[in-house]
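We name chains A, B, ... by the order of the sequence lines, and we start the count at 1 in each one.
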Amino acid sequence: MRLATWNVNSIRARVDRVADWLERADVDVLAMQETKCSDEQFPTMPFLAAGYDVVHCGFNQWNGVAIASRVGIDDVQVGFDGQPTWSDKPEVEAAAEARALGATCNGVRLWSLYVPNGRFVGSPHYVYKLEWLAALRNTAQQWLLDDPAAQIAMVGDWNIAPTDEDVWSVEAYAGSTHVTEPERAAFDAILDAHFSDVVRPFTPGPAVYTYWDYTQLRFPKNRGMRIDFILGSPALAQRVTHAEIVREERKGKSPSDHAPVMVDLI
DNA sequence: ATGACTGGTTGCACCAGA
């Protein structure tokens with residue numbers, strides 16, 4: 001089974017490209033992030049036409065996560081248990097954002113995750129990001145306590161570069177989000193809960209990235225960050241036979257600023 | 001070529017992204 005994750009940066013702007021890649025790359029299950037639309041606006045037809053069922057969680061133009069599968073989608077859950085809430089405005093009550101969608105596809109419990117950006121260090125959004133990651137870790141830990149043999153894949157845009165090797169320039173990101181010690185500790189806590197990065201062993205750094213800013217020729221110069229990850233439970237990690245970051249999909253006409261990341265499971 | 005941001009909207013200016 002071939003499993004992939006891709007921050008698509010607006011599914012309405014990218015759906016033809018995404019559906020085309022699914023077929024070309026022979027992907028069975030794709031988790032998407034940053035669909036940037038409501039459920040009503042989500043373009044379902046191109047996925048159905050390509051032979052995929054699709055589930056989506058989007059409330060407005062922000063965030064949005066989805067899962068497309070041609071091997072079934074069962075037990076769909078919008079948001080994870082204990083997912084923190086957020087509000088940008090004091091007059092608007094805080095609510096869970098469209099950042100987590102779970103479903104079981106051919107025996108794999110898949111979570112499509114779009115971790116909050118953090119905006120700037122010390123901001124309320126940064127605090128929210130750390131709380132979000134801590135809550136996710138606690139819930140994920142419980143999944144494995146309930147069933148140590150569970151095949152779980154937590155995939156998506158983690159908005160953290162876990163090591164200095166995961167950014168093109170340590171200096172360029174000094175003082176920014178994504179590289180701070182608390183964010184890295186929050187990511188490491190997920191690893192400590194027995195989830196492992198199943199892609200890195202097949203795509204060792206340095207200078208291996210999944211995201212390149214649209215500005216300043218960052219992609220041609222390979223000035224990127226590795227922030228998109230597939231984290232597997234022990235039973236899932238055991239099945240991985242191959243993994244890759246598909247840089248080709250960052251090229252061409254109107255690409256996302258992220259590349260797809262995929263794994264093959266035996 | 002992989003080429004000097006992009007997508008969205010409470011829209012023609014600004015916000016979020018990272």
Worksheet entry | Shortest non-hydrogen contact from A:F120 toward A:Y126 | O-CB, 3.4 Å
Response to the item:
note: A:N60, atom CG; B:dT10, atom C1'; distance rounded to Å ~ 12 Å
Fill in: Identified stems (criterion: three or more consecutive Watson-Crick or G-U pairs, under 3.5 Å), DNA chain B
B:5-9 with B:13-17
Worksheet entry | Residues that A:P124 engages under side-chain contact (heavy atoms from CB on, under 4.5 Å), provided they are two or more places apart | A:W86
Worksheet item: Base, sugar-phosphate, or nothing: which does A:N7 touch, judged by heavy atoms less than 4.0 Å apart?
Response: sugar-phosphate
Worksheet item: Across the strands shown, which category fits A:Y173 at heavy-atom distances under 4.0 angstrom: base, sugar-phosphate, nothing?
Response: nothing
Fill in: Partners passing side-chain contact (heavy atoms from CB on, under 4.5 Å) against A:T203 (at least two apart in sequence or in another chain)
A:V199, A:V208, A:R226, A:I245
Discussion item. For the aromatic rings, using the six-membered ring if either is Trp, is the centroid distance between A:W132 and A:F80 under 6.0 Å?
Written reply: yes
Discussion item. Given 3.5 Å as the limit, does a donor-acceptor pair link the side chain of A:S123 with the main chain of A:G118, or not?
Written reply: yes
Worksheet item: B:dC15 and B:dT10: how far apart are their P atoms, nearest whole angstrom?
Response: 14 Å
Item to complete: Quickly work out the A:Q61 CD to B:dG11 P distance and round it to whole Å.
Response: 11 Å
Worksheet item: How close do A:W212 and A:A259 get, heavy atom to heavy atom, and via which atoms?
Response: CZ3-CB, 3.8 Å
Worksheet item: Applying salt bridge (charged side-chain N to carboxylate O under 4.0 Å, His left out), which residue pairs with at least one partner in residues 28-45 of chain A are found, sequence neighbours left out?
Response: A:D28-A:R70
Practice prompt. Round to a whole Å and report the spacing from CG of A:N222 to C1' of B:dT2.
Written response: 10 Å
Fill in: Interatomic distance, A:R99 CZ vs B:dA16 P [rounded to whole Å]
12 Å
Practice prompt. Under 4.0 Å between any heavy atoms, over every strand shown, what does A:R247 touch: base, sugar-phosphate, or nothing? Just pick one.
Written response: nothing
Worksheet, complete the sentence: Heavy-atom nearest nucleotide on DNA chain B taken for A:K221 and for A:M225; more 5' hit belongs to A:K221
Worksheet item: Roughly, in whole Å, what's the span from CD in A:E97 to P in B:dA16?
Response: 12 Å
Item to complete: Just call it for A:E248: base, sugar-phosphate, or nothing, with non-hydrogen atoms closer than 4.0 Å on any strand.
Response: nothing
Discussion item. Using atom C1' in both nucleotides, what's the gap between B:dG8 and B:dG3 to the nearest angstrom?
Written reply: 25 Å
Discussion item. I'd like to know if the side chain of A:D257 and the backbone of A:N9 have a donor-acceptor N/O pair within less than 3.5 Å.
Written reply: no
Worksheet item: Which value, in whole Å, describes the distance between the C1' atoms of nucleotides B:dC12 and B:dG7?
Response: 15 Å
Practice prompt. Remember a base hit wins even if backbone is also touched, and classify A:D157 as base, sugar-phosphate or nothing at under 4.0 Å, heavy atoms.
Written response: sugar-phosphate
Worksheet, complete the sentence: In whole angstroms, the gap separating C1' of B:dG8 from CG of A:N63 amounts to 12 Å
Discussion item. We want to know whether A:D146 and A:Q142 form a side-chain donor-acceptor pair, criterion being a heavy-atom distance below 3.5 angstrom.
Written reply: yes
Fill in: Residue pair A:S112 / A:A66: nearest heavy atoms and the distance that separates them
OG-O, 3.4 Å
Fill in: Selection: residues 114-133 of chain A, any non-hydrogen atom under 4.0 Å of DNA chain B
A:Y114, A:N117, A:R119
Worksheet entry | The single option from A:L30, A:V54, A:L110 passing side chain to side chain contact (heavy atoms under 4.5 Å, CB included) against A:I67 | A:L110
Worksheet item: Should A:D213 and A:K221 be marked as a salt bridge (Lys or Arg N to Asp or Glu O under 4.0 Å) after you check the CA-CA gap, both sets of side-chain angles, and the distance that decides it?
Response: CA-CA 11 Å; A:D213 197 290; A:K221 293 178 175 175; over 6 Å; no
Practice prompt. Find which nucleotide of DNA chain B each of A:D257 and A:R12 is nearest to by heavy atoms, and output the residue with the more 5' nucleotide.
Written response: A:R12
Discussion item. Suppose you measure atom P in B:dT6 against the same atom in B:dA18; what distance do you get, rounded to whole Å?
Written reply: 16 Å
Practice prompt. Quickly work out the A:N159 CG to B:dG17 C1' distance and round it to whole Å.
Written response: 8 Å
Item to complete: Compare side-chain N and O positions of A:H258 against OP1 and OP2 of B:dA18 and report whether any pair is under 4.0 Å apart.
Response: yes
So which protein N/O to nucleotides 3-7 of chain B N/O distances come out below 3.5 Å?
| unit_1 | atom_1 | unit_2 | atom_2 | d |
| --- | --- | --- | --- | --- |
| B:dC5 | OP2 | A:Q216 | N | 2.7 |
| B:dG7 | OP1 | A:R14 | NH1 | 3.2 |
| B:dG7 | O3' | A:S10 | OG | 3.0 |

Worksheet entry | A:D75 backbone acceptor or donor facing A:T104 side chain under 3.5 Å | no
